[in-house]
Undergrad: 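There's a structure below that I have some questions on.
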Amino acid sequence: AQSVTQLDSQVPVFEEAPVELRCNYSSSVSVYLFWYVQYPNQGLQLLLKYLSGSTLVKGINGFEAEFNKSQTSFHLRKPSVHISDTAEYFCAVGLEPYTGTASKLTFGTGTRLQVTL
Amino acid sequence: DVKVTQSSRYLVKRTGEKVFLECVQDMDHENMFWYRQDPGLGLRLIYFSYDVKMKEKGDIPEGYSVSREKKERFSLILESASTNQTSMYLCASSQGSAGANVLTFGAGSRLTVL
């Protein structure tokens, strides 16, 4: 079975500073990787995803992530954060499902990004 | 522009009550999911459904059941609510069977069991 580890439960950062949110996964087979963001009092929305190809993936709001197969990591980065980036960020992995069923994602425990002035 | 709607944002129930959480999607998605979100534990899958009347257990199905009589609607049922089921419940949907499918989430239902 696959699993996801988000190494930091909280990341405080000043506005306009760079940030990296770490994510490691374990799986014996190839996976698909996702980052979702949850703003206060809202559901989750997709930030970016890695399916195949280029290991650097760009998402919405200036975020990007790099897939590193040898280190089984998919860290999320932004060069300059804004107050509005304050949210909880979830890393997730998905596998190809068995025939006739659906793929289900396994989520990490989340990282709360707190951006202050 | 709301695509996944959860009928109740906040519910307060008493121990032993039967609780229904309703979720409706308007995207004609095949798959629907119920997750539970708790601080420090992230999202954990309770049940999912890949077709009408079809369901599969997720990682934490104990104490829950589901119903999917129509494609657009997926209900989560707590037969006898307990205090340890106090949580945020998130419904999501996706299209197709591929592992790369993106989930669309509802805004969540926060359940408090007293």
Side-chain angles (χ1 to χ4, degrees), chain A residues 1-10 21 23-25 27 29-53 57 59-60 67 87-112, chain B residues 1-6 9-10 21 23 25 29-52 54-61 66 68 71 74 88-110:
Chain A
Q2 70 273 27
S3 66
V4 180
T5 302
Q6 292 185 244
L7 298 166
D8 306 295
S9 59
Q10 294 188 59
L21 306 183
C23 173
N24 287 87
Y25 69 92
S27 175
V29 297
S30 296
V31 298
Y32 304 106
L33 295 159
F34 305 80
W35 276 98
Y36 283 80
V37 59
Q38 184 179 34
Y39 297 105
N41 298 315
Q42 296 184 28
L44 279 71
Q45 58 183 276
L46 182 70
L47 202 55
L48 50 78
K49 61 183 179 182
Y50 172 77
L51 306 181
S52 63
V57 180
I60 61 172
F67 170 59
E88 189 147 21
Y89 293 79
F90 292 93
C91 183
V93 298
L95 300 176
E96 284 298 339
Y98 294 111
T99 301
T101 182
S103 173
K104 48 181 183 173
L105 294 187
T106 298
F107 286 85
T109 52
T111 298
R112 182 165 297 278
Chain B
D1 191 39
V2 177
K3 296 181 170 126
V4 178
T5 303
Q6 295 183 232
R9 288 300 305 272
Y10 302 94
L21 299 180
C23 176
Q25 52 96 1
H29 281 175
E30 297 170 358
N31 312 311
M32 297 188 74
F33 305 81
W34 276 106
Y35 283 90
R36 172 176 171 161
Q37 181 180 8
D38 298 290
L41 297 177
L43 276 71
R44 294 177 292 167
L45 182 63
I46 305 171
Y47 268 98
F48 68 102
S49 168
Y50 51 91
D51 200 353
V52 175
M54 305 302 289
K55 61 186 179 184
E56 278 196 28
K57 294 180 180 179
D59 300 316
I60 53 163
V66 290
R68 192 164 181 205
K71 188 176 186 179
F74 192 36
M88 171 69 87
Y89 291 88
L90 293 172
C91 176
S93 68
S94 71
Q95 175 66 15
S97 60
N101 290 335
V102 174
L103 297 181
T104 300
F105 282 86
S109 297
R110 184 168 295 282

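Residue numbers start from 1 in every chain, and the chains themselves are labelled A, B, ... in the order their sequence lines are given, proteins ahead of strands. Since the model is a prediction, treat every value here as computed from it, not as a measurement.
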Undergrad: Is A/Leu21 close to A/Trp35 at the side-chain level, that is, under 4.5 Å between some pair of heavy atoms?
TA: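 Yes, side chains in contact.
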Undergrad: What part of B/Gln6 lies closer than 4.5 angstrom to a heavy atom of chain A: side chain, backbone, both or neither?
TA: neither
Undergrad: Go through the atoms of A/Tyr36 and report whether side chain, backbone, both or neither lie under 4.5 Å from a heavy atom of chain B.
TA: side chain
Undergrad: Heavy-atom distance under 4.5 Å to chain B: side chain of A/Leu44, backbone, both or neither?
TA: both
Undergrad: Side chain from CB out, backbone as N, CA, C, O: work out which of these in B/Arg110 comes under 4.5 Å of a heavy atom of chain A, or both, or neither.
TA: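 Answer is neither: B/Arg110 stays 4.5 Å or more from chain A.
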Undergrad: Could you have a look at B/Cys91, B/Ala107, B/Pro39, B/Gly106 and say which one has the most heavy-atom pairs with chain A under 4.5 angstrom?
TA: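 Counting heavy-atom pairs under 4.5 Å, the top option is B/Ala107.
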Undergrad: With a 4.5 Å cut-off on side-chain heavy atoms, are A/Cys23 and A/Tyr89 touching?
TA: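 Not touching, per the 4.5 Å side-chain cut-off.
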Undergrad: Contact between A/Val4 and A/Phe90 at the side-chain level, heavy atoms closer than 4.5 Å - yes or no?
TA: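 Result no, sub-4.5 Å side-chain heavy-atom pair not found.
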Undergrad: Any idea how B/Phe105 and A/Phe107 line up, ring-wise: parallel (<30°), tilted (30 to 60°), or perpendicular (>60°)?
TA: perpendicular
Undergrad: Which bit of A/Gln6 comes within less than 4.5 Å of chain B, counting heavy atoms only: side chain, backbone, both or neither?
TA: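 Neither; nothing under 4.5 Å.
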Undergrad: Please classify the contact of B/Leu43 with chain A as side chain, backbone, both or neither, using a heavy-atom distance under 4.5 Å.
TA: both
Undergrad: Below 4.5 Å, heavy-atom pairs only: which of B/Met54, B/Met88, B/Arg9 has the largest tally toward chain A?
TA: B/Arg9
Undergrad: Does the side-chain contact (heavy atoms from CB on, under 4.5 Å) test come out yes or no for B/Phe48 and B/Asn31, once each step is laid out?
TA: CA-CA 7 Å; B/Phe48 68 102; B/Asn31 312 311; over 6 Å; no
Undergrad: Taking it one step at a time, do B/Val4 and B/Cys23 satisfy side-chain contact (heavy atoms from CB on, under 4.5 Å)?
TA: CA-CA 7 Å; B/Val4 178; B/Cys23 176; 3.6 Å; yes
